[in-house]
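Inspection log for the structure reproduced underneath, given as structure tokens.
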Amino acid sequence: MEHKSVLLEETIANLDIKPDGIYVDGTLGRAGHAKALISKLTSGHLYAFDKDEKAIEESKEVLKDVLDKITFIHSDFSNMQQELMQLGITEVDGIMLDLGVSSPQFDDPERGFSYRYDARLDMRMDQSQALDAYEIVNTYDKDSLITIFKQYGEERYASSIASAIVKARNEKPIETTFTLVDIIKSAMPQKELNKKGHPAKKCFQALRIAVNDELSSLENGIEASIELLKTNGRLAIITFHSLEDRIVKTIFKKYSSAPFVEPKLPLLASQMEQASFQLVNKKPIIASEDELNENNRAHSAKLRVIERIK
Ligand SMILES: C[S@@+](CC[C@H](N)C(=O)[O-])C[C@H]1O[C@@H](n2cnc3c(N)ncnc32)[C@H](O)[C@@H]1O
């Protein structure tokens, strides 16, 4: 399955690419954003991360004509500072993160990300990682399952779904996505099953986030990016759900707000310390009508961009 890059032009435009700059793509995927970014470079270079080895292998083919302008790194983007340091890079002109799974991952029946295909419970972006969805579903205690479904899926029926999972796995291990879908459905009231949208959507999202530790990676990845940016360097992040967007919004706000000063202190405006970053757009950028008509994934996408100003 082809991956249609979301908010492609908006991301590239807002990164304000310098042709001789050093850039990072934390989420290479199928190299849609990477290819567009590289096309703006002359002597510049792109360092591209993906924790999925397959994404890197397939992107090498997409980028075969510009391999001198890119370095591939098979790692979580939260490790970017250490990984780049080993290559002698301590600061960069821009970084982009296009979060979540790609269409080829989601639509690969064998990866177990989707409730639409029957597959072993896997959901690992990085297939060299030990923890998978099978282990969480079959070994985590009931309270941990409830926390995962509530916190990462905002699932209203978290408690009854976790009980149904524990009961089912006492009989025999829960091996596949379809078995899990049936268990989730069995724990929901009929009126919920009649609603639009797949009943297992929230739990599958929650498990995927837990397997890949996505929210910790995001927080650590933003902090690492902030430290790596040069003055006038920009960080652009595309999120796909409210949990991700809330993290980006909160951390961007922290860095773009002036440090707190006791209101009674007799300071002139010129003596007040300014924030080191500014938001490039006050509101997140969302997809155009045209893109929404062409790409279903774009519906929940939000792009936020921050710039280091000193
Ligand atoms: C939405 S896709 C990116 C698509 C890409 N921008 C394109 O245009 O083709 C997300 C990719 O990032 C990878 N990914 C997600 N979280 C990651 C993380 N924390 N570290 C490294 N790679 C990650 C996934 O494996 C997936 O290949």
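Throughout, numbering of the chain's residues begins at 1 and tracks the sequence. Counting starts at 1 for both ligands and their atoms, in listed order.
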Evaluate the side-chain proximity of [Y] to [X]: yes if any heavy-atom separation is below 4.5 Å, no if none is.
X	Y	value
E223	Y255	yes
I247	I222	yes
K302	I238	no

What protein heavy atom sits nearest [atom], and how far off is it?
atom	value
atom 9 (O) of ligand 1	R30 N, 2.9 Å
atom 14 (N) of ligand 1	M125 SD, 3.8 Å
atom 12 (O) of ligand 1	T27 CB, 3.2 Å
atom 11 (C) of ligand 1	D50 OD2, 3.5 Å
atom 20 (N) of ligand 1	F77 N, 2.9 Å
atom 22 (N) of ligand 1	K51 N, 3.2 Å

I'd like to check which ligand 1 atoms, numbered from 1 as shown, lie under 4.0 Å from a non-hydrogen atom of [X].
X	result
D52	25 (O)
Q105	24 (C), 25 (O), 26 (C), 27 (O)
S217	19 (N)
R297	1 (C)
S5	7 (C), 8 (O), 9 (O)
L28	5 (C), 7 (C), 9 (O)

Salt-bridged, [X] to [Y], with N to O below 4.0 Å?
X	Y	answer
D93	K230	yes
R124	E53	no
K64	E61	yes

Legend entry - Exercise: do S43 and D20 side chains pair donor with acceptor under 3.5 Å: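 No pair is found: no donor N or O on one side chain lies under 3.5 Å from an acceptor on the other.
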Could you check which of [options] puts a non-hydrogen atom nearest to [atom]?
atom	options	result
atom 19 (N) of ligand 1	D76, L8, N79, V6	D76
atom 10 (C) of ligand 1	G100, G29, G26, S59	G100
atom 6 (N) of ligand 1	D98, I73, N220	D98

Legend entry - Ring-ring centroid check F72 H74, cutoff 6.0 Å: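 Distance test on ring centres: not under 6.0 Å, no.
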Inset, instruction - Indicate, with yes or no, if the rings of Y115 and F204 have centres closer together than 6.0 Å. - result: yes
N/O separation below 3.5 Å, [X] to ligand 1:
X	value
G32	yes
D25	no
A31	yes

How long is the straight-line distance from [atom2] of [Y] back to [atom1] of [X], given to the nearest 0.5 Å?
X	Y	atom1	atom2	value
I56	S75	CD1	OG	9.0 Å
K202	Q205	NZ	CD	9.5 Å
F149	L207	CZ	CG	4.5 Å
D118	T179	CG	OG1	6.0 Å

Can you tell me which portion of [X] lies within the under-4.0 Å heavy-atom range of ligand 1? Options are side chain, backbone, both, or neither.
X	value
L99	backbone
A34	neither
M96	neither

